[in-house]
Amino acid sequence: MTYRVLISDPLSEDGIFPLREAKQIEVEMITDLSPEQLVEKIADYDALLVRSQTKVTREIIAAGRKLKIIGRAGVGVDNIDLEAATEHGVIVVNAPDGNTNSAAEHTIAMLMALARKIPQAYYALKQQKWDRKSHVGVELKGKTLGVVGLGRIGREVALRAKGQRMKVIAFDPFLTTEKADQLGIIKGSIDQVIEVADFLTLHTPLLKETKHLIDATAIAKMKPGVQIINCARGGIIDEEALYQAIKLGKVAGAALDVFEQEPATNHKLLELPEVIATPHLGASTVEAQESVAIDVSHDVVRLLTGDLVRNPVNLPSVPKDVMKKIEPYFYLAEKIGMILSHLTTEVIEEINLSYSGELHDVEVGPLTRNAIKGLLKCHFGDHINDVNAAYLAEQQGLVINELITSHAEGFVNLIKAEIKTKSGSKVVAGTLLRGIGPRIVQVESYNVDLVPEGHIIFIRHTDQPGVIGKVGSMLAENHINIATMQVGRSNIGGAAIMLITVDVAVTDQDLTGLTDVEEILEVVALEL
Ligand code: NAD
Ligand code: MLT
């Protein structure tokens, strides 16, 4: 099997080396494709790698019938329709750390260039004007830098600004007073930050909540003469409001690396002498480009070779040590879901998953996703995966509850799932036996010991002498060899079940004879 990877924005050749050297992966870098060309091409590829130029729209994702992963060589994923990717089960990965340093250094470069009007002075000199009066700047020392968004880049900027002997005040919903103290900065509310800043720098992602965070109302609260730097995302600033504020002299200057619409070659902000700008160069260093391309290439190789990715964006990321603990249970959780899906023909309204014993203190989200995958596989086939399992369940109106307990009913670990339909509920439970493997230990109210794999016939019957014999002979008549058989019953002569593992897949025709047996109430073929 050969996987094909399309790189549609220029990426560092050294950075994509992990992809080039991977066996069974073919890489093509075709940049400058129009959206229409990309829609046409994408159907042949398993992976798409982009920077920020390519807009990965719903249409492109829908056309990517084989698409499994979209890699963003950088941080911001606002050029990718994440909702569409999740719905189509396409995992999106990014490279969150690779360009932090470069973006922070670029921000500081912009801050200093803005304070000392370096681009304006350089431009005048290039025009042969020796103009010292118009380019008087201000010192950074003693000034207050307001940082909005104290994530990876915001933190690095804050530390560097302290090196310039600036006071730093920051707002981030996740910033604690302890963290601020550790960094030697002040924690403020958004209003406190924008009200006291001499220089304001933005480092949030572009989200619904941060769109036009800096608008006319916010600017009205700022100090007269404030200078603003945006090396995060265009759209965080309302550009019209900034333009007006500069025109009115409220904002003394702005340094912009990013714009709401890019490329922004003809922007009216660029006509203002108070505005200095770069064409989205925050991450444009040799080091950052190599680093983000390496990170994202590794994740693409990992996914295409069946390994777990490190930087998923549309899937909660689980720390490596936790993943090591829960990964062995993935198979068991999925098989429990699959068995349950076979045990009812009704609409499943709710699933209650309980995790106990050794599982009581681990992150169980990935196990739930696997159980849901198994449960809904009969509807969605291979289209359902870890990425879209929760979304597809929600679309089906399935209510999912998780319960974590330490009581594992005598087992070291236990996953128990109960599904509810209009007419009642069904339970399947399983455990992972150390050194042996997964076992199903309960089906409905019966205790069993079943290896959840292969071809299994589930029979519900009345406990009467001769039923087992009839089943055995009927299967033999159809040349079906029994590997294992388990019988469970509620009481003598009462309700009972059989779980028969056979060597070959059984057809509906093989099963019709069984349903004709008087004591047999239900026969289901489980393909695990
Ligand atoms: P990050 O995820 O590490 O940090 C973002 C921070 O913003 C988080 O701490 C988050 O809590 C905070 N935040 C979210 N909503 C907020 C709000 N309403 N108010 C205040 N804070 C809020 O991301 P990062 O790697 O530091 O990147 C920051 C930004 O820089 C992103 O927009 C990214 O796309 C952009 N970026 C630009 C370039 C460039 O070339 N110009 C390069 C790299 C990153
Ligand atoms: C990013 O989000 O990483 C930056 O915008 C850098 C880029 O890829 O251009």
Side-chain angles (χ1 to χ4, degrees), residues 89 91 306-309 312 315-344 348 350-394 396 398-409 411-420 425-444 447-454 456 458 499 526-528:
I91 190 159
D307 214 342
L308 295 167
V309 298
L315 197 63
S317 94
V318 180
K320 227 170 151 184
D321 54 326
V322 178
M323 194 50 103
K324 208 170 145 203
K325 217 167 157 187
I326 58 172
E327 213 184 338
Y329 295 92
F330 284 5
Y331 178 89
L332 174 64
E334 186 176 339
K335 296 298 163 181
I336 288 175
M338 283 173 83
I339 297 173
L340 279 166
S341 75
H342 280 101
L343 294 186
T344 181
I348 302 167
E350 189 177 324
I351 179 164
N352 298 315
L353 287 145
S354 91
Y355 301 96
S356 42
E358 277 174 348
L359 292 170
H360 83 280
D361 63 349
V362 297
E363 158 64 47
V364 294
L367 297 178
T368 297
R369 280 197 291 280
N370 275 282
I372 300 300
K373 222 163 59 180
L375 189 70
L376 300 184
K377 225 172 193 163
C378 51
H379 299 300
F380 297 104
D382 285 341
H383 174 61
I384 189 161
N385 60 21
D386 286 15
V387 179
N388 60 10
Y391 165 80
L392 293 174
E394 195 189 313
Q396 299 281 305
L398 180 71
V399 176
I400 304 168
N401 299 309
E402 285 170 347
L403 177 74
I404 302 181
T405 70
S406 51
H407 174 60
E409 302 173 23
F411 295 96
V412 175
N413 56 68
L414 191 72
I415 301 179
K416 188 181 263 194
E418 176 197 40
I419 51 164
K420 290 197 171 162
S425 66
K426 299 255 155 78
V427 174
V428 171
T431 188
L432 187 67
L433 299 175
R434 209 162 281 146
I436 296 177
R439 287 288 186 273
I440 299 299
V441 294
Q442 183 184 344
V443 173
E444 300 188 350
N447 294 330
V448 296
D449 177 9
L450 178 77
V451 179
E453 68 180 22
I456 296 166
F458 170 86
L499 283 162
L526 312 178
E527 283 302 319
L528 301 181

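- With Asn352 contributing its side chain and Leu403 its backbone, the two residues share no donor-acceptor pair below 3.5 Å.
- The neighbour count for Glu394 CD, taken as heavy atoms of other residues, nucleotides or ligands under 6.0 Å away, does not exceed 12.
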ask   = Checking side chain to side chain contact (heavy atoms under 4.5 Å, CB included) for the pair Leu526/Met338: CA distance, chi angles, key distance, verdict?
value = CA-CA 8 Å; Leu526 312 178; Met338 283 173 83; over 6 Å; no
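- Shortest non-hydrogen contact noted between Gln396 and Leu376 is CG-CD1, 4.5 Å.
- Put simply, the side chain of Thr431 gets close to the backbone of Asn413: a donor and an acceptor are under 3.5 Å apart.
- Between Lys416 and Val427, some side-chain heavy-atom pair lies under the 4.5 Å cut-off.
- Proximity of Glu350 to Ile400: side-chain heavy atoms (C-beta onward) are nowhere separated by under 4.5 Å.
- Note that NE2 of His360 is 13.5 Å distant from NE2 of His407, once rounded to the nearest 0.5 Å.
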key: Step-by-step side chain to side chain contact (heavy atoms under 4.5 Å, CB included) determination, Leu315 to Arg369   = CA-CA 10 Å; Leu315 197 63; Arg369 280 197 291 280; 3.6 Å; yes
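- Residues Glu409 and Val441 have side chains not in contact (no heavy-atom distance under 4.5 Å, counting atoms from C-beta outward).
- The heavy-atom pair separating Ala393 from Ile372 by the smallest distance is CB-CG2, 3.8 Å.
- The minimum heavy-atom distance between Ser425 and Lys420, with the atom names listed, is CB-CG, 4.1 Å.
- Side chain of Lys335 to main chain of Pro452: no donor-acceptor pair is present (N/O by atom type, distance under 3.5 Å, no hydrogens or angles).
- Using a 4.5 Å cut-off on side-chain heavy atoms (C-beta onward), Leu375 and Leu398 make contact.
- Leu332 and Pro438 get closest at one heavy-atom pair: CD1-CB, 3.9 Å.
- In this structure, the side chains of Leu343 and Glu444 come closer than 4.5 Å at one or more pairs of heavy atoms.
- How far CD1 of Ile384 is from NE2 of His379: 9.0 Å, rounded to the nearest 0.5 Å.
- A donor-acceptor contact shorter than 3.5 Å links the side chain of Tyr355 to the backbone of Thr368.
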ask   = Is there a side chain to side chain contact (heavy atoms under 4.5 Å, CB included) between Val364 and Ile326 once you walk through the steps?
value = CA-CA 8 Å; Val364 294; Ile326 58 172; 5.9 Å; no
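- Using a 4.5 Å heavy-atom cutoff, the side chains of Ile440 and Ile336 are in contact.
- Note that the CD1 atom of Ile91 and the CG atom of Asn385 stand 8.0 Å from one another [nearest 0.5 Å].
- No donor-acceptor pair under 3.5 Å is formed between the side chain of Glu327 and the backbone N or O of Tyr329.
- In this structure, NE2 in His383 is found 5.0 Å from CG in Leu392, a value given to the nearest 0.5 Å.
- Among all heavy-atom pairs drawn from Pro366 and Val318, the shortest one is CG-CG2, 3.7 Å.
- Atom CG of Asp321 is surrounded by more than 12 heavy atoms from other residues, nucleotides or ligands within 6.0 Å.
- Separation of atoms CE (Met323) and CG (Leu308) is listed at 4.5 Å; rounding is to 0.5 Å.
- Taking CG from Leu353 and CD1 from Ile415, the interatomic distance works out to 8.5 Å, rounded to the nearest 0.5 Å.
- In terms of heavy-atom proximity, Arg439 sits nearest to Val451 at NH1-CG2, 3.3 Å.
- Between Leu528 and Ile339 there is a side-chain heavy-atom pair separated by less than 4.5 Å.
- Using a 4.5 Å cut-off on side-chain heavy atoms (C-beta onward), Leu367 and Leu359 make contact.
- Remark: the backbone N or O of Ala333 is not paired with any side-chain donor or acceptor of Asn370 at under 3.5 angstrom.
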